Trainee: 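Take a look at the following structure, please.
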Amino acid sequence: MNNSVINFGAGPAKLPQVVLEKIHDHFLKWQNTGVSILELGHRTPEFAALGEKIETSIRTLLRVPNDYAVLLLPGGAQIQFAMLPMNLLADHQTLNYVETGYWSTMAIKEAQKYAKINLAASSKDDHFRTIPAIESWKIDPSAAYLHFTDNETIGGVEFPQVPAVDNMILVSDMSSNIFSRPIDFSRLGLIYACAQKNLGIAGMCLVIVRKDLLGKAMAQTPAVFNYDVESQQDSMQATPTTFAWYVASLMLDWIEEQGGVIEMNQRSLQKSQLLYDYLDGSELYRNEVDAKYRSRMKIPFTLRDASLEKKLFQQAHEEGLLYLQGHRSVGGARASLYNAMTVLEVEKLVEFLAAFATREL
Ligand code: PMP
């Protein structure tokens, strides 16, 4: 990224400047291999060492229990929407899903192709601005798992913690908030996250799965979509997305150097509070998410006078504040405050929004 601009995009998203510089410096010759990381074979000892280092970092940063496998799979998070039922349905008939926004709805649509879905809860009638109280969830106890989307990237709704559902394996899409806080694995059977937000670049998906759930895939599951096969092959059943692995390793180093996920959580609380406090006190902007479930990573907001939106984006762009436009499905504006975003950069956004409001009100 050019130093004079700030990338608020939803993903592929901003990377820390030092990570970009490292990629630049190592680009033509990586370590002592004599070749670029782009040219390095995945069966070389150097790449195997990189894979091991990534796994160790993930296990350390997230305190992954030993009975979970760590997989780095090709493709993004949407592939998981299909891989979950393919791999985990086994001899169950149904799957529980909680619907809290765009991405959980997509996950349901895909899973429906493979299994009967029990919609345990939905906030659709509340315009996806909240999470239904857990006491109201209608869980089918015979289902293979219960799926929830930890952070709805478009709606800006985040689970404050893993829902306290017992006697049911929980599966979670953590694409847009992984590595932003510690994870309590005790109820979780599987989590997954595409890499292009907090773990580097597009092309790769992190899956962490309890090992006793492996080995139950539908017979017709392609080998590259089979968690058990990938686990046995160290995520190299097919040629892995080597460059995405490499960038992930740099991101993990960076998170470690910054103080790990506890520090990331503190920063994300500080950054998001800064922006929410400003929006809540302003006459012009509005965030309508239930305060209990507001996301630390993704803050959508609208302008009371929607006709000013175009002007806002144009002036923001002129000042180097990029990609604040909301998702094409909902419009409005949104700021992505992933790990790479600094407090200072959020302060700059607030200053800009305040100056714009003063001019327009
Ligand atoms: N789930 C969530 C929560 C997301 O934010 C995204 C992407 N923005 C996806 C799934 C889909 O990921 P991909 O485009 O990598 O398939």
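Only heavy atoms go into these numbers, but all of them, side chains included; no hydrogens, no water, no symmetry mates. Each ligand, and each atom within it, is numbered from 1 in the order the structure gives. Being a predicted model, the structure only gives us computed values, none of them experimental.
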Trainee: Listed by chain and number, what are the side chain to side chain donor-acceptor pair (under 3.5 Å) partners of Asn87, not counting sequence neighbours?
Mentor: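 Here no residue qualifies.
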
Trainee: Do NZ/NE/NH1/NH2 and the carboxylate oxygens of Arg187 and Asp166 come within less than 4.0 Å?
Mentor: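 Here Arg187 pairs with Asp166 in a salt bridge, since their nearest N and O are under 4.0 Å apart.
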
Trainee: Under the rule for salt bridge (charged side-chain N to carboxylate O under 4.0 Å, His left out), what residues qualify as partners of Glu52, not counting sequence neighbours?
Mentor: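 None.
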
Trainee: Polar pairs, ligand 1 vs protein, N/O only, below 3.5 Å.
Mentor:
{"residue": "ligand 1", "atom": "1 (N)", "partner": "Asp173", "partner atom": "OD2", "Å": "2.6"}
{"residue": "ligand 1", "atom": "5 (O)", "partner": "Thr153", "partner atom": "OG1", "Å": "2.4"}
{"residue": "ligand 1", "atom": "8 (N)", "partner": "Lys197", "partner atom": "NZ", "Å": "2.9"}
{"residue": "ligand 1", "atom": "15 (O)", "partner": "Ala77", "partner atom": "N", "Å": "3.1"}
{"residue": "ligand 1", "atom": "15 (O)", "partner": "Gln196", "partner atom": "NE2", "Å": "2.9"}
{"residue": "ligand 1", "atom": "16 (O)", "partner": "Ala77", "partner atom": "N", "Å": "3.2"}
{"residue": "ligand 1", "atom": "16 (O)", "partner": "Gln78", "partner atom": "N", "Å": "2.8"}

Trainee: Who are the salt bridge (charged side-chain N to carboxylate O under 4.0 Å, His left out) partners of Lys310, not counting sequence neighbours?
Mentor: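 With neighbours one apart ignored, the set is empty.
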
Trainee: Could you walk me through whether Lys124 and Glu99 pass the salt bridge (Lys or Arg N to Asp or Glu O under 4.0 Å) test, one step at a time?
Mentor: CA-CA 7 Å; Lys124 193 172 181 182; Glu99 188 186 38; 5.2 Å; no

Trainee: Among Ser336, Ser272, Ser176, which one satisfies side-chain hydrogen bond (donor to acceptor under 3.5 Å, both in side chains) with Lys298?
Mentor: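 So, applying the side-chain hydrogen bond (donor to acceptor under 3.5 Å, both in side chains) to Lys298 and each of Ser336, Ser272, Ser176, only Ser336 qualifies.
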
